[in-house]
Amino acid sequence: MDTPTNTLVHPAVALAIGAGSVLVGFLPWLVTGMRLPLQNLWAEGTPPDAMPVALLPFSQYALTAIAGILVMSAVPAGLALRMLPPRAPRFGLLLALAVIVVLQVVAVAQTAAVVSGGLRADGRVRLYVAGLVAVCVLAIAVGAACAALYAKAPAAGAIAASAFAGIALSWWVSSLFGVLGVWSAPDWVLPLLRWVAPVAIGAAIAWWGVASAGRAAAAVFALLMLWLVPGVVTGVVNAVGTRVLANDPAAMLDYGFGVMRQALFVPEFVLPPLAVAVAVAVVGSILRMVVRRTRAHAPARSV
(Lines give C-alpha, C1' and ligand atoms only; values in the text may rest on other atoms or scores of the structure.)
Protein backbone atom coordinates (compact mmCIF):
# COMPACT_ATOMS: atom_id res chain seq x y z
CA MET A 1 0.00 0.00 0.00
CA ASP A 2 1.33 3.45 -0.89
CA THR A 3 2.07 5.64 2.10
CA PRO A 4 0.63 9.18 2.14
CA THR A 5 3.10 11.91 1.40
CA ASN A 6 3.15 15.69 1.34
CA THR A 7 6.07 15.78 -1.06
CA LEU A 8 5.27 17.66 -4.26
CA VAL A 9 6.99 17.57 -7.61
CA HIS A 10 8.49 20.99 -8.22
CA PRO A 11 6.51 22.81 -10.94
CA ALA A 12 9.65 23.28 -13.01
CA VAL A 13 10.31 19.53 -12.89
CA ALA A 14 6.74 18.71 -13.93
CA LEU A 15 6.92 21.25 -16.77
CA ALA A 16 10.24 19.83 -17.95
CA ILE A 17 8.90 16.27 -17.84
CA GLY A 18 5.83 17.23 -19.86
CA ALA A 19 7.75 19.23 -22.46
CA GLY A 20 10.47 16.60 -22.72
CA SER A 21 7.89 13.87 -23.21
CA VAL A 22 6.30 15.78 -26.10
CA LEU A 23 9.73 16.32 -27.65
CA VAL A 24 10.39 12.57 -27.53
CA GLY A 25 7.00 11.76 -29.01
CA PHE A 26 7.31 14.21 -31.89
CA LEU A 27 10.89 13.21 -32.71
CA PRO A 28 10.03 11.05 -35.76
CA TRP A 29 8.21 14.00 -37.32
CA LEU A 30 10.64 16.73 -36.22
CA VAL A 31 13.60 15.08 -37.93
CA THR A 32 11.76 14.99 -41.27
CA GLY A 33 11.56 18.79 -41.45
CA MET A 34 7.80 18.64 -40.77
CA ARG A 35 6.73 19.20 -44.38
CA LEU A 36 3.09 18.24 -44.78
CA PRO A 37 2.68 15.03 -46.79
CA LEU A 38 1.25 15.40 -50.29
CA GLN A 39 -2.54 15.60 -50.18
CA ASN A 40 -4.94 13.99 -52.66
CA LEU A 41 -7.30 16.97 -52.33
CA TRP A 42 -4.65 19.73 -52.42
CA ALA A 43 -5.81 22.78 -54.39
CA GLU A 44 -2.57 23.37 -56.32
CA GLY A 45 0.09 21.08 -57.68
CA THR A 46 2.93 21.33 -55.18
CA PRO A 47 6.17 19.34 -54.97
CA PRO A 48 6.91 17.59 -51.66
CA ASP A 49 9.66 20.02 -50.62
CA ALA A 50 7.33 23.00 -51.16
CA MET A 51 4.49 21.73 -48.98
CA PRO A 52 3.83 23.90 -45.91
CA VAL A 53 5.26 23.10 -42.51
CA ALA A 54 2.82 21.36 -40.17
CA LEU A 55 3.23 20.08 -36.63
CA LEU A 56 1.67 16.69 -37.48
CA PRO A 57 1.79 14.52 -40.63
CA PHE A 58 -1.91 14.81 -41.52
CA SER A 59 -2.67 12.17 -44.13
CA GLN A 60 -4.96 9.18 -44.43
CA TYR A 61 -1.81 7.19 -45.17
CA ALA A 62 -0.17 8.16 -41.87
CA LEU A 63 -2.88 7.35 -39.33
CA THR A 64 -0.69 5.01 -37.29
CA ALA A 65 2.19 7.50 -37.37
CA ILE A 66 -0.09 10.25 -36.03
CA ALA A 67 -1.42 7.98 -33.28
CA GLY A 68 2.04 6.74 -32.38
CA ILE A 69 3.43 10.27 -32.13
CA LEU A 70 0.61 11.56 -29.94
CA VAL A 71 0.42 8.57 -27.59
CA MET A 72 4.19 8.41 -27.22
CA SER A 73 4.17 12.14 -26.43
CA ALA A 74 2.56 11.29 -23.10
CA VAL A 75 3.87 7.83 -22.17
CA PRO A 76 7.45 8.90 -21.27
CA ALA A 77 6.06 11.46 -18.82
CA GLY A 78 4.03 8.81 -17.01
CA LEU A 79 7.04 6.50 -16.73
CA ALA A 80 9.25 9.34 -15.51
CA LEU A 81 6.73 10.39 -12.86
CA ARG A 82 6.37 6.79 -11.68
CA MET A 83 10.11 6.60 -11.04
CA LEU A 84 10.14 9.68 -8.83
CA PRO A 85 10.43 8.76 -5.12
CA PRO A 86 7.79 8.65 -3.74
CA ARG A 87 5.36 7.94 -6.57
CA ALA A 88 4.52 11.21 -8.28
CA PRO A 89 1.89 13.23 -6.37
CA ARG A 90 -1.24 14.31 -8.20
CA PHE A 91 -0.08 17.91 -8.62
CA GLY A 92 2.98 16.91 -10.63
CA LEU A 93 0.94 14.54 -12.80
CA LEU A 94 -1.75 17.11 -13.54
CA LEU A 95 0.76 19.81 -14.41
CA ALA A 96 2.77 17.51 -16.69
CA LEU A 97 -0.38 16.25 -18.41
CA ALA A 98 -1.61 19.84 -18.84
CA VAL A 99 1.61 20.77 -20.62
CA ILE A 100 1.41 17.69 -22.84
CA VAL A 101 -2.25 18.14 -23.79
CA VAL A 102 -1.86 21.87 -24.46
CA LEU A 103 1.11 21.27 -26.77
CA GLN A 104 -0.72 18.43 -28.52
CA VAL A 105 -3.85 20.53 -29.04
CA VAL A 106 -1.74 23.37 -30.46
CA ALA A 107 -0.13 20.88 -32.88
CA VAL A 108 -3.51 19.49 -33.97
CA ALA A 109 -5.05 22.97 -34.39
CA GLN A 110 -2.07 24.33 -36.37
CA THR A 111 -2.01 21.30 -38.66
CA ALA A 112 -5.77 21.33 -39.21
CA ALA A 113 -5.61 25.03 -40.12
CA VAL A 114 -2.75 24.49 -42.57
CA VAL A 115 -4.44 21.52 -44.23
CA SER A 116 -7.85 23.21 -44.42
CA GLY A 117 -6.30 26.30 -45.97
CA GLY A 118 -4.60 24.37 -48.75
CA LEU A 119 -7.26 21.88 -49.76
CA ARG A 120 -9.51 22.57 -52.71
CA ALA A 121 -13.20 23.36 -52.31
CA ASP A 122 -14.58 19.84 -52.22
CA GLY A 123 -17.40 18.26 -50.27
CA ARG A 124 -14.98 15.65 -48.90
CA VAL A 125 -12.60 18.20 -47.36
CA ARG A 126 -14.50 18.73 -44.11
CA LEU A 127 -14.98 14.99 -43.62
CA TYR A 128 -11.28 14.39 -44.31
CA VAL A 129 -10.08 17.01 -41.82
CA ALA A 130 -12.69 16.03 -39.23
CA GLY A 131 -11.65 12.38 -39.48
CA LEU A 132 -7.99 13.19 -38.92
CA VAL A 133 -8.81 15.47 -36.00
CA ALA A 134 -10.95 12.69 -34.48
CA VAL A 135 -7.98 10.29 -34.72
CA CYS A 136 -5.84 12.90 -32.95
CA VAL A 137 -8.38 13.42 -30.15
CA LEU A 138 -8.61 9.67 -29.56
CA ALA A 139 -4.81 9.33 -29.51
CA ILE A 140 -4.46 12.25 -27.09
CA ALA A 141 -7.01 10.66 -24.74
CA VAL A 142 -5.29 7.26 -24.89
CA GLY A 143 -1.88 8.82 -24.27
CA ALA A 144 -3.12 10.81 -21.27
CA ALA A 145 -4.77 7.70 -19.81
CA CYS A 146 -1.56 5.67 -20.26
CA ALA A 147 0.53 8.40 -18.63
CA ALA A 148 -1.87 8.63 -15.68
CA LEU A 149 -1.87 4.85 -15.19
CA TYR A 150 1.92 4.68 -15.35
CA ALA A 151 2.31 7.55 -12.90
CA LYS A 152 -0.31 6.65 -10.28
CA ALA A 153 -1.81 3.19 -10.76
CA PRO A 154 -0.72 -0.07 -9.11
CA ALA A 155 1.13 -2.67 -11.16
CA ALA A 156 -2.07 -4.00 -12.77
CA GLY A 157 -2.85 -0.54 -14.13
CA ALA A 158 0.67 -0.20 -15.50
CA ILE A 159 0.36 -3.53 -17.31
CA ALA A 160 -2.96 -2.44 -18.83
CA ALA A 161 -1.38 0.84 -19.96
CA SER A 162 1.47 -1.10 -21.53
CA ALA A 163 -0.98 -2.78 -23.92
CA PHE A 164 -1.66 0.53 -25.65
CA ALA A 165 1.78 2.00 -25.06
CA GLY A 166 3.44 -1.05 -26.62
CA ILE A 167 1.28 -0.85 -29.74
CA ALA A 168 1.87 2.91 -30.00
CA LEU A 169 5.60 2.32 -29.58
CA SER A 170 5.57 -0.03 -32.57
CA TRP A 171 3.88 2.66 -34.67
CA TRP A 172 6.32 5.29 -33.37
CA VAL A 173 9.33 3.15 -34.27
CA SER A 174 7.81 2.24 -37.64
CA SER A 175 7.35 5.92 -38.43
CA LEU A 176 11.11 6.35 -38.19
CA PHE A 177 11.79 3.73 -40.82
CA GLY A 178 8.63 3.24 -42.82
CA VAL A 179 5.57 5.49 -42.80
CA LEU A 180 7.42 8.80 -42.63
CA GLY A 181 10.55 7.49 -44.31
CA VAL A 182 12.98 9.26 -41.98
CA TRP A 183 15.83 6.84 -42.55
CA SER A 184 16.45 4.14 -45.12
CA ALA A 185 16.61 1.03 -43.01
CA PRO A 186 18.32 -2.18 -44.15
CA ASP A 187 15.93 -4.77 -45.55
CA TRP A 188 16.31 -7.00 -42.50
CA VAL A 189 15.13 -4.23 -40.12
CA LEU A 190 11.63 -3.70 -41.51
CA PRO A 191 10.36 -7.26 -40.80
CA LEU A 192 11.49 -6.85 -37.19
CA LEU A 193 9.22 -3.85 -36.61
CA ARG A 194 6.12 -6.06 -36.26
CA TRP A 195 7.64 -7.59 -33.13
CA VAL A 196 8.09 -4.30 -31.25
CA ALA A 197 4.63 -4.38 -29.68
CA PRO A 198 4.70 -8.08 -28.64
CA VAL A 199 8.16 -7.70 -27.10
CA ALA A 200 7.20 -4.48 -25.28
CA ILE A 201 3.96 -5.95 -23.90
CA GLY A 202 5.65 -9.22 -22.90
CA ALA A 203 8.45 -7.28 -21.17
CA ALA A 204 5.89 -5.21 -19.24
CA ILE A 205 4.10 -8.35 -18.04
CA ALA A 206 7.43 -9.84 -16.96
CA TRP A 207 8.50 -6.64 -15.20
CA TRP A 208 5.38 -6.19 -13.10
CA GLY A 209 4.54 -9.89 -12.83
CA VAL A 210 1.26 -11.76 -12.49
CA ALA A 211 1.46 -12.53 -8.78
CA SER A 212 -2.04 -11.20 -8.05
CA ALA A 213 -5.44 -11.63 -9.62
CA GLY A 214 -5.42 -8.01 -10.74
CA ARG A 215 -2.06 -8.34 -12.48
CA ALA A 216 -3.06 -11.61 -14.13
CA ALA A 217 -6.29 -10.04 -15.41
CA ALA A 218 -4.32 -7.04 -16.70
CA ALA A 219 -1.91 -9.38 -18.51
CA VAL A 220 -4.82 -11.16 -20.20
CA PHE A 221 -6.28 -7.77 -21.14
CA ALA A 222 -2.94 -6.69 -22.62
CA LEU A 223 -2.76 -9.81 -24.77
CA LEU A 224 -6.37 -9.29 -25.85
CA MET A 225 -5.55 -5.73 -26.95
CA LEU A 226 -2.47 -7.02 -28.79
CA TRP A 227 -4.85 -9.18 -30.81
CA LEU A 228 -7.70 -6.71 -31.30
CA VAL A 229 -6.16 -3.26 -31.78
CA PRO A 230 -3.69 -4.01 -34.59
CA GLY A 231 -6.32 -6.03 -36.44
CA VAL A 232 -8.96 -3.31 -36.25
CA VAL A 233 -6.47 -0.58 -37.15
CA THR A 234 -5.16 -2.62 -40.08
CA GLY A 235 -8.67 -2.80 -41.51
CA VAL A 236 -9.28 0.93 -41.06
CA VAL A 237 -5.91 1.97 -42.50
CA ASN A 238 -6.29 -0.25 -45.54
CA ALA A 239 -9.80 1.03 -46.20
CA VAL A 240 -9.12 4.77 -45.95
CA GLY A 241 -5.77 4.43 -47.71
CA THR A 242 -7.25 2.96 -50.89
CA ARG A 243 -7.69 5.79 -53.41
CA VAL A 244 -9.60 3.57 -55.84
CA LEU A 245 -12.45 3.30 -53.31
CA ALA A 246 -12.41 6.95 -52.20
CA ASN A 247 -15.67 7.72 -54.02
CA ASP A 248 -17.44 4.53 -52.97
CA PRO A 249 -17.93 4.50 -49.16
CA ALA A 250 -19.86 1.21 -49.21
CA ALA A 251 -17.09 -0.60 -51.09
CA MET A 252 -14.49 1.02 -48.84
CA LEU A 253 -16.34 -0.21 -45.74
CA ASP A 254 -16.70 -3.70 -47.16
CA TYR A 255 -13.02 -3.84 -48.07
CA GLY A 256 -12.00 -2.59 -44.63
CA PHE A 257 -14.07 -5.25 -42.88
CA GLY A 258 -12.60 -7.93 -45.13
CA VAL A 259 -9.05 -6.93 -44.23
CA MET A 260 -10.02 -6.67 -40.57
CA ARG A 261 -11.44 -10.19 -40.51
CA GLN A 262 -8.23 -11.58 -41.97
CA ALA A 263 -6.08 -9.64 -39.50
CA LEU A 264 -8.19 -10.82 -36.55
CA PHE A 265 -8.95 -14.43 -37.41
CA VAL A 266 -6.31 -15.83 -39.76
CA PRO A 267 -3.98 -17.86 -37.49
CA GLU A 268 -0.86 -16.94 -39.48
CA PHE A 269 -1.44 -13.28 -38.60
CA VAL A 270 -2.83 -13.67 -35.08
CA LEU A 271 -0.77 -16.36 -33.35
CA PRO A 272 2.88 -15.27 -33.92
CA PRO A 273 2.63 -11.89 -32.09
CA LEU A 274 0.73 -13.47 -29.19
CA ALA A 275 3.25 -16.31 -28.98
CA VAL A 276 6.16 -13.85 -28.91
CA ALA A 277 4.50 -11.75 -26.19
CA VAL A 278 3.85 -14.82 -24.02
CA ALA A 279 7.38 -16.14 -24.60
CA VAL A 280 8.95 -12.81 -23.64
CA ALA A 281 6.73 -12.64 -20.55
CA VAL A 282 7.65 -16.18 -19.44
CA VAL A 283 11.38 -15.83 -20.11
CA GLY A 284 11.46 -12.39 -18.52
CA SER A 285 9.62 -13.62 -15.44
CA ILE A 286 12.06 -16.52 -15.04
CA LEU A 287 15.06 -14.21 -15.37
CA ARG A 288 13.53 -11.81 -12.86
CA MET A 289 12.97 -14.65 -10.40
CA VAL A 290 16.55 -15.87 -10.82
CA VAL A 291 17.95 -12.38 -10.24
CA ARG A 292 15.85 -11.96 -7.11
CA ARG A 293 16.94 -15.30 -5.68
CA THR A 294 20.57 -14.56 -6.50
CA ARG A 295 20.40 -11.25 -4.70
CA ALA A 296 18.58 -12.80 -1.74
CA HIS A 297 21.25 -15.47 -1.27
CA ALA A 298 24.22 -13.21 -2.00
CA PRO A 299 26.49 -12.78 1.07
CA ALA A 300 26.38 -9.34 2.62
CA ARG A 301 29.38 -7.23 1.75
CA SER A 302 31.55 -6.08 4.59
CA VAL A 303 31.82 -2.32 5.01
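Sequential numbering from 1 along the given sequence is applied to the chain's residues.
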Nearest 0.5 Å please: distance from the CZ atom of Phe221 over to the CG atom of Leu223.
11.0 Å
Which residues pass the side chain to side chain contact (heavy atoms under 4.5 Å, CB included) test with Val290, not counting sequence neighbours?
Ile286, Thr294
Checking one residue: Val220. Which other hydrophobic residues are in its cluster under the side-chain 4.5 Å linking rule?
none
Apply side chain to side chain contact (heavy atoms under 4.5 Å, CB included) to Leu138 and list each qualifying residue two or more places apart in sequence or on a separate chain.
Val142
Closest approach of Ala204 and Ile159, non-hydrogen atoms and distance?
O-CG1, 4.2 Å
Interatomic distance, CD@Gln60 vs CG@Leu41, rounded to 0.5 Å, equals 7.5 Å
If you compare all heavy atoms of Ala148 against all heavy atoms of Leu97, which two are closest, and at what distance to 0.1 Å?
CB-CD1, 4.5 Å
For Ala74 against Gly143, the heavy-atom pair lying closest together
CB-O, 3.3 Å
Look at the side chain of Asn238 and the backbone N and O of Thr234, then say whether any donor-acceptor pair between them is shorter than 3.5 Å.
yes
In the single-linkage hydrophobic clustering (I, L, V, M, F, W, Y; side-chain heavy atoms under 4.5 Å), do Ile69 and Leu132 co-cluster?
yes
Between CH2 on residue Trp171 and CD1 on residue Ile66, distance to nearest 0.5 Å
11.5 Å
Please enumerate all residues that pass side chain to side chain contact (heavy atoms under 4.5 Å, CB included) together with Arg292, with sequence neighbours excluded.
Arg288
Taking Arg82 for the side chain and Ala153 for the main chain, is one N or O donor matched with an acceptor at less than 3.5 Å?
yes
Hydrophobic cluster membership, with links at side-chain heavy-atom distances under 4.5 Å among I/L/V/M/F/W/Y: are Leu127 and Val137 in one?
no
I want to check something: taking the side chain as every heavy atom from C-beta on, are Phe58 and Val133 in contact at a cut-off of under 4.5 Å?
yes
Considering non-hydrogen atoms only, spot the tightest contact between Leu36 and Gln39 and give its length.
CG-NE2, 3.7 Å
Considering all heavy atoms of both residues, which atom of Leu81 and which atom of Ala96 are nearest to each other, and what is their separation?
CD1-CB, 4.1 Å
Contacts of Trp195 meeting side-chain hydrogen bond (donor to acceptor under 3.5 Å, both in side chains) (sequence neighbours excluded), chain-then-number -> none
Throw together a table of side-chain donor-acceptor distances under 3.5 angstrom for residues 266-285, partners on residues two or more places apart or in other chains.
residue, atom, partner, partner atom, Å
Ser285, OG, Ala281, O, 2.7

Could you grab the distance from atom CE of Met260 to atom OH of Tyr255, nearest 0.5 Å is fine?
12.0 Å
With sequence neighbours excluded, residues passing side-chain hydrogen bond (donor to acceptor under 3.5 Å, both in side chains) with Asn40:
Tyr61
Taking side chain to side chain contact (heavy atoms under 4.5 Å, CB included) as the test, write out the residues that go with Leu38, two or more places apart.
Pro48, Met51
Tell me the closest heavy-atom pair linking Val71 and Ala139, and the distance in Å.
CG2-O, 3.5 Å
Show me the donor-acceptor pairs within less than 3.5 Å that the side chains of residues 160-168 make with the rest of the protein, sequence neighbours left out.
residue, atom, partner, partner atom, Å
Ser162, OG, Tyr150, OH, 2.7
Ser162, OG, Ala158, O, 2.9

Could you list all the side chain to side chain donor-acceptor pair (under 3.5 Å) pairs where at least one residue sits in residues 198-221, not counting sequence neighbours?
none
Does Leu226 belong to the same Ile/Leu/Val/Met/Phe/Trp/Tyr cluster as Trp172, with side-chain heavy atoms less than 4.5 Å apart forming each link?
yes
Would Ile201 end up clustered with Val229 when hydrophobic side chains under 4.5 Å apart are linked, directly or stepwise?
yes
Please table the atom pairs, donor to acceptor, closer than 3.5 Å between any side-chain atom in residues 98-119 and protein atoms at least two apart or in another chain.
residue, atom, partner, partner atom, Å
Gln104, NE2, Leu70, O, 2.8
Gln110, OE1, Leu55, N, 2.9
Gln110, NE2, Val53, O, 3.3
Thr111, OG1, Leu55, N, 3.3
Thr111, OG1, Leu56, N, 3.0
Thr111, OG1, Ala107, O, 2.7
Ser116, OG, Ala112, O, 2.8

Does Arg120, at its CZ atom, have more than 12 non-hydrogen atoms belonging to other residues, nucleotides or ligands within less than 6.0 Å?
yes
Tell me, with the steps shown, if Leu169 and Met72 meet side chain to side chain contact (heavy atoms under 4.5 Å, CB included).
CA-CA 7 Å; Leu169 176 63; Met72 291 308 297; 4.0 Å; yes
Using modelled atom types only, decide if a donor and an acceptor are shared between the side chain of Thr46 and the backbone of Glu44 within a distance under 3.5 Å.
yes
